[in-house]
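Just so we're on the same page: letters track the sequence lines, and every chain starts at 1. These numbers come from the heavy atoms of this one structure, side chains and all, not from hydrogens, waters or symmetry mates.
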Number of protein chains: 2
Amino acid sequence: MNIAQPVLDAGPCQHCGVRKNAICRVLDVHRELPEMGKSVRHRHYAAGHVIMSDQDPVSFLGTVLEGTVKLEKMMGDGRKQILGLLFPSDFLGRAHAKQSPYYAIALEPVKLCYAEAASFHRLLETFPKLETSLFERTLEALDHSREWMMLLGRKTARERVASFLCLLAERQAGPVTEGEPASDGPLVCRIPLTRGDIAEFLGLTMETVSRQIGELKSTGLIVPDSTRQVTIPSLSALREAAEKG
Amino acid sequence: MNIAQPVLDAGPCQHCGVRKNAICRVLDVHRELPEMGKSVRHRHYAAGHVIMSDQDPVSFLGTVLEGTVKLEKMMGDGRKQILGLLFPSDFLGRAHAKQSPYYAIALEPVKLCYAEAASFHRLLETFPKLETSLFERTLEALDHSREWMMLLGRKTARERVASFLCLLAERQAGPVTEGEPASDGPLVCRIPLTRGDIAEFLGLTMETVSRQIGELKSTGLIVPDSTRQVTIPSLSALREAAEKG
DNA sequence: CGTACTTTTGAGGCGGTTCAAAGAGAGTGG
DNA sequence: CCACTCTCTTTGAACCGCCTCAAAAGTACG
């Protein structure tokens, strides 16, 4: 008769909801993930909380588990620009740097899985494929950033707002499964940003954002649920409006 | 009596002019650099030549040895935006990708040190610190890209043009040596872009760029040498104009 | 129900664009 | 060496999209 083998504890990471999309997805569940699990902790931030400041040293890095984070840069005279948004499974923090070049601020209650900077860099050395994974994430971030340069440099206010809503909708729908021909049915899109924040992201003023959302509503490209939620009847039609007016 | 040892050939890379600033600077001159030297070739491009297209697969990657390259993205209707400029020692090409997400075009005669995509990725695997070096470059590119988002989203035309001239001047002056308190004397600044290209980089029209350069001249912040070269009496004064009008 | 914040709406102004044309270089061939 | 051409640059004038300023309306929360 067999004696029941004790199940090896694969650590807290094994059942993590974002693991399949986070940088740690490249780690072996049984051999490597538990090692990572020993280095990380969870932490909660209230909406509006400054997670990292461009003044402070980068003391920790990690992955967003829940909530939305804005990355923001500020000029000497107070002008602000949102550089990107982080959603669950996205990586937060600049590796190989002493100082964060921008602010990270929670837009809604945020749950973060983080490691101290020193132990995070130790993890990168221990698991080279983790560094490669982070590298690929960084390349994607660079692509997104350059996509947004196109938006900020060349798109009209209408196109910017439509692009923004597409971004939100696509992230909330989850990553596209290979081969599956992304359906075009109605999508509910929650907007975790104020009009002012949207304006900061799009290089506009909140008044212009408000007016453009109004016009998208009246043309039927979006249907208002509340001020912070819209339904998108056809994502492809909205995408169209985001690319050619 | 000693028999003269034959000097080991350290390969063509040993005396490379950009090595101390390129990704390969992390490689050991005698043990590792020759290995890299076996995988790379040089190639010349005439001004205006398309080095990489967003249509083509990424068949090679490399380092700019001479000249200036623009990275450009184009929308369906022809609107264009320059995403970044590459100067000697900068890296060209997107690792870990099948396709380049943008165009790379020579602005002046360009000399490139490149490797085929397959052998480049083999190099990355052989020398993990080469990948780390490239990763750090990518993080810097991301910082620059986000810096430019601030410019495109929030700066006035005057500030944009001043920022652009600062960028050129700083790159042409070479990397800042640690500890050395970068002098503020007159700087000659060559402009390897047409007014139209500058406009594409700054999210403006060429007419606006021309007018703003004119005004910077009349305020004395820059002194015209020719249409494609200016002298900057005080870089810090120009930087000032780039940040707060 | 009142207070504070967010969002919407309105009216007017301005910075940058658009359209048009003249001016300046750089290269070419007679 | 100069006229010719092509491209790039500058300048001018009118226009327009977005911003600014102001106030009302909506929403969240104690």
Per B:E207 side chain, nearest of listed nucleotides C:dT9, C:dT17, D:dT11: D:dT11

Atom-pair distance (CZ on A:R79; P on D:dT20), nearest Å: 10 Å

Sugar-phosphate only, base, or nothing, as touched by B:S210 at under 4.0 Å among non-hydrogen atoms: base

Below 4.0 Å: OP1/OP2 of C:dT17 and any side-chain N or O of B:T205: yes

Atom-to-atom span, NZ of A:K217 to C1' of C:dT7 - whole angstrom: 9 Å

Nearest-Å distance for atom pair CD/P, residues B:Q212 and D:dT9: 16 Å

B:R158 CZ to C:dC14 P, straight-line distance once rounded to whole Å: 17 Å

Rounded interatomic separation in angstrom, taking CD from B:Q229 and C1' from C:dA24: 17 Å

Separation of atom CD1 in A:I191 from atom C1' in C:dT6, rounded to whole Å: 13 Å

Phosphate-side-chain proximity, B:T208 and C:dG16, N/O vs OP1/OP2 below 4.0 Å: no

Length of the line joining B:M206:CE and D:dT7:C1', which is rounded to integer Å: 10 Å

Along DNA chain C (nearest heavy atom to each residue), the more 5'-positioned of A:G196 and B:A157: A:G196

Pair B:S226-B:Q229, side-chain donor/acceptor within less than 3.5 Å: no

Salt-bridge criterion met for A:D143 and B:R94 (N-O under 4.0 Å): yes

Parallel, tilted or perpendicular, as decided by the 30° and 60° cut-offs, for the rings of A:F164 and A:F201: perpendicular

Basic-acidic side-chain contact under 4.0 Å: A:R171, A:D90: yes

Contact under 4.0 Å: A:R211 side-chain N or O vs D:dC18 OP1/OP2: no

Position toward the 5' end of DNA chain C (nearest nucleotide), B:L204 or A:I213: A:I213

Between C1' of C:dG25 and CG of B:D225, the distance in whole Å: 16 Å

Contact under 4.0 Å: A:R228 side-chain N or O vs C:dT7 OP1/OP2: yes

Aromatic ring pairing A:Y114/A:F60, orientation class (parallel under 30°, perpendicular over 60°, tilted between): perpendicular

